[in-house]
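Down below is the structure, laid out as structure tokens.
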Amino acid sequence: MPTPLRALTTTAAAGAAAAAAGFGYAAWEARSFRLHRAFVPVLPPGARPLRVLHLSDLHLVPRQEAKRDFVRSLDALEPDLVVTTGDNLAALDAVPAVLETYAGLLRRPGVFVLGSNDYWAPRPRNWSAYLWRRQGPTEVKAPRLPTDELVRGFREAGWVDLDNARARLDVGGVSLDLVGVDDPHLRYDRYPSRAGHDAAGTDLLLGVAHAPYRRTLDAMTAEGAALVLAGHTHGGQLCLPGYGALVTNCDLPRDKAAGLSRWATGDRESWLHVSGGLGTSPYSPFRFACPPSATLLELVPRR
């Protein structure tokens, strides 16, 4: 019969082995990139389908070649429009690598908003804070990233900056009315006025934000957005099979942490797509039960 000490030692060893295996799997999953596809019925009857590639949360460190190769490969999908919902950077020297990684996609029509990790560098922190903090930081204490350099690169390629802004864009025979906000997680969002903006004759109002806070989703849905795109959640990053995301890192309900769903406010509804994102903080390079992903959304006529 084993002694109590021997039994305790055996149990502790088994627990340590299971934990090591779990961390090993989570580190592998964080590099297991996926492409999701979804159909969204939002276009007028008779319109031809519009292919929208939604990318988010790249969190790029220049040495991450597997991630860069995956993003480069997405140009072969020939999207009509590219939408990136922020958090592109994870290092002070990452802007050239981000622009080179997106090079093929930057030749296509695109729009973008910024996230907190386009402004401020990641830093070591207690990972458990992610499990309980829901709101954005009231004060940021981190090195400032070269945001202007990133924005300039996107703009010079022809992508439209939707940070607290509106735009109109004709893509693939579809006329889009676009509204976006700067990062709600940092409370940089200022919902743009419609004054002076001509949306006459457009086929679809599309909302774009980094963090899917309720106030942003409600404002866009109340205005009549047929589709809202966001990121930030990493799909929960740490999920449990059969339960889903533990948290969303904002006030979004857990069941909407990733993928396509419906969002209602008052008597209006929008389609909501939250990207699972392609990266993590370099200080917590783990995912569990939610692999990094991009999504090709095919917008089709309403039924």
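The figures here come from the full heavy-atom set of this structure, side chains too, leaving out hydrogens, waters and symmetry mates.
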- Message: Assess the residue pair Arg215 and Asp218 against the criterion (salt bridge (charged side-chain N to carboxylate O under 4.0 Å, His left out)); give the C-alpha distance rounded to whole Å, side-chain angles, the decisive distance to 0.1 Å, and a yes or no.
- Response: CA-CA 5 Å; Arg215 65 180 184 274; Asp218 286 346; over 6 Å; no

- Query: Looking at Asn88, Thr85, Thr295, which one forms a side-chain hydrogen bond (donor to acceptor under 3.5 Å, both in side chains) with Ser56?
  - Reply: Thr85

- For the student: nearest non-hydrogen atoms of Gly236 and Cys290, plus distance: C-SG, 4.4 Å

- Do the side chain of Asn117 and the main chain of Trp120 share a donor and acceptor less than 3.5 angstrom apart? yes

- Nearest-0.5 Å distance that lies between atom CG in Asp57 and atom CG in Asp87: 5.0 Å

- Taking Thr216 for its side chain and Pro212 for its backbone only, find out whether a donor-acceptor pair lies under 3.5 Å. no

- Query: Are Phe70 and Leu74 side-chain neighbours, meaning at least one heavy-atom pair lies under 4.5 Å?
  - Reply: yes

- Could you check if a side-chain atom of Leu55 sits within less than 4.5 angstrom of a side-chain atom of Val82, using non-hydrogen atoms only? yes

- With rounding to the nearest 0.5 Å, note down the distance linking CD in Gln64 to CZ in Arg31. 10.0 Å

- Interatomic distance, CZ@Arg72 vs OG1@Thr101, rounded to 0.5 Å, equals 5.0 Å

- If you round to the nearest 0.5 Å, how far is CG of Leu227 from CG of Leu297? 6.5 Å

- Same cluster or not: are Leu150 and Val160 linked, directly or through other Ile, Leu, Val, Met, Phe, Trp or Tyr residues, by side-chain heavy atoms under 4.5 angstrom apart? no

- Transitively linked via ILVMFWY side-chain contacts under 4.5 Å: Leu53 with Leu206? no

- Query: Quick one: are Thr233 and Asn249 in side-chain contact, heavy atoms under 4.5 Å?
  - Reply: no

- Would Thr248 and Arg254 count as having a side-chain donor-acceptor pair, cut-off 3.5 Å? no

- Query: Any donor-acceptor pair under 3.5 Å linking the side chain of Lys67 with the backbone of Pro62?
  - Reply: no

- Message: Quick one, Val113 and Val83 - any side-chain contact, counting heavy atoms below 4.5 Å?
- Response: no

- Task: Give the cluster check for Val52 versus Leu162: same hydrophobic cluster or not, with ILVMFWY residues linked at side-chain heavy-atom distances below 4.5 Å.
- Result: yes

- Task: Without swapping roles, check the side chain of Arg48 against the backbone of Gly172 for a donor-acceptor pair under 3.5 Å.
- Result: yes

- Item | Where Pro241 and Phe288 come nearest, the two heavy atoms and their spacing | CD-CE2, 4.3 Å

- Mind listing the closest non-hydrogen atom pair of Ala289 and Pro291 along with its distance? C-CD, 4.0 Å

- Heavy atoms only: give me the nearest Arg214-Pro253 pair and the separation to one decimal. NH2-CG, 3.4 Å

- Roughly how far, to the nearest 0.5 Å, is CG of Asp189 from CG of Asp163? 10.5 Å

- Message: Taking the side chain as everything from C-beta on, heavy atoms only, tell me whether Thr202 gets closer than 4.5 Å to Leu176.
- Response: no

- Message: Among residues at least two apart in sequence or on other chains, which ones pass side-chain contact (heavy atoms from CB on, under 4.5 Å) with Pro146?
- Response: Val95, Glu149

- Message: Go through it in stages, so that I can follow the logic: the residues are Leu89 and Val61, the test is side chain to side chain contact (heavy atoms under 4.5 Å, CB included), and I'd like the CA-CA distance, side-chain angles, deciding distance and then a yes or no.
- Response: CA-CA 7 Å; Leu89 308 176; Val61 174; over 6 Å; no

- Where at least one partner belongs to residues 44-64, residue pairs that pass ring pair (Phe, Tyr, Trp, His ring centres under 6.0 Å), sequence neighbours excluded: His54-His273, His59-His234

- Between Phe39 and Leu260, does a side chain to side chain contact (heavy atoms under 4.5 Å, CB included) hold up when you go through it step by step? CA-CA 9 Å; Phe39 291 88; Leu260 191 65; over 6 Å; no

- Query: What heavy-atom pair brings Ala47 and Pro301 nearest, and what distance separates the two atoms?
  - Reply: O-CG, 3.2 Å

- Note on the structure: Residues Gly231 and Val274: closest non-hydrogen pair is O-CG1, 3.8 Å

- Please work out which of the three classes, parallel, tilted or perpendicular, describes the rings of His185 and His232, given edges at 30° and 60°. tilted

- Query: Between the main-chain N or O of Ser116 and the side-chain N or O of Asp183, is there a donor-acceptor pair closer than 3.5 Å?
  - Reply: yes

- Item | Trp159/Leu106 under side chain to side chain contact (heavy atoms under 4.5 Å, CB included): CA gap, chis, key distance, verdict | CA-CA 7 Å; Trp159 280 12; Leu106 284 169; 3.4 Å; yes

- Message: Between Asn164 and Tyr188 (side chain of the first, backbone of the second, donor and acceptor by atom type, cut-off under 3.5 Å), is there such a pair?
- Response: yes

- Under 4.5 Å between side-chain heavy atoms, hopping through other hydrophobics if needed: is there a path connecting Phe112 to Leu296? yes

- Donor-acceptor side-chain pairing of Ser270 and Arg268 below 3.5 angstrom: no

- Answer yes if the side chains of Asp118 and Thr147 hold a donor-acceptor pair under 3.5 Å, and no otherwise. no

- Carboxylate-amine/guanidinium contact Glu223 Arg166, below 4.0 Å: yes

- Message: How about CZ on Arg262, more than 12 heavy atoms from neighbouring residues, nucleotides or ligands closer than 6.0 Å, or not?
- Response: yes

- Task: Identify, with sequence neighbours excluded, every residue that meets side-chain contact (heavy atoms from CB on, under 4.5 Å) alongside Pro49.
- Result: Glu298, Val300

- Return yes if some donor-acceptor pair links the side-chain N/O of Glu269 with the main-chain N/O of Ala226 below 3.5 Å, else return no. no

- Task: Evaluate the side-chain proximity of Leu105 to Pro79: yes if any heavy-atom separation is below 4.5 Å, no if none is.
- Result: yes

- Could you check Glu29 against Arg34 for salt bridge (charged side-chain N to carboxylate O under 4.0 Å, His left out), going step by step and ending with a plain yes or no? CA-CA 10 Å; Glu29 185 178 288; Arg34 312 287 175 86; over 6 Å; no

- Message: Any non-hydrogen side-chain atom of Leu178 less than 4.5 Å from a side-chain atom of Arg168?
- Response: no

- Query: Can any side-chain N or O of Gln237 pair as donor or acceptor with the backbone N or O of Phe286 at less than 3.5 Å?
  - Reply: yes

- Item | Note: Arg190-Asp182 ion pair, threshold 4.0 Å (strictly below) | no

- Query: Can you tell me if Arg287 uses its side chain to pair, donor with acceptor, with the backbone of Leu238 under 3.5 Å?
  - Reply: no

- Asp75 vs Arg108, salt bridge (charged side-chain N to carboxylate O under 4.0 Å, His left out): CA-CA, chis, key distance, verdict: CA-CA 9 Å; Asp75 185 50; Arg108 302 186 182 277; 2.6 Å; yes

- Message: If you apply the rule side chain to side chain contact (heavy atoms under 4.5 Å, CB included), what do you find for Tyr119 with Leu145, and how did you get there?
- Response: CA-CA 5 Å; Tyr119 289 106; Leu145 291 168; 6.0 Å; no

- Transitively linked via ILVMFWY side-chain contacts under 4.5 Å: Val174 with Val111? yes

- Do Trp263 and Val228 touch side chain to side chain, with heavy atoms closer than 4.5 Å? no

- Message: Nearest 0.5 angstrom please: Ser175 OG to Asp203 CG, how far?
- Response: 5.5 Å

- Does Asp177 reach the main-chain N or O of Ala199 with its side chain, forming a donor-acceptor pair under 3.5 Å? no

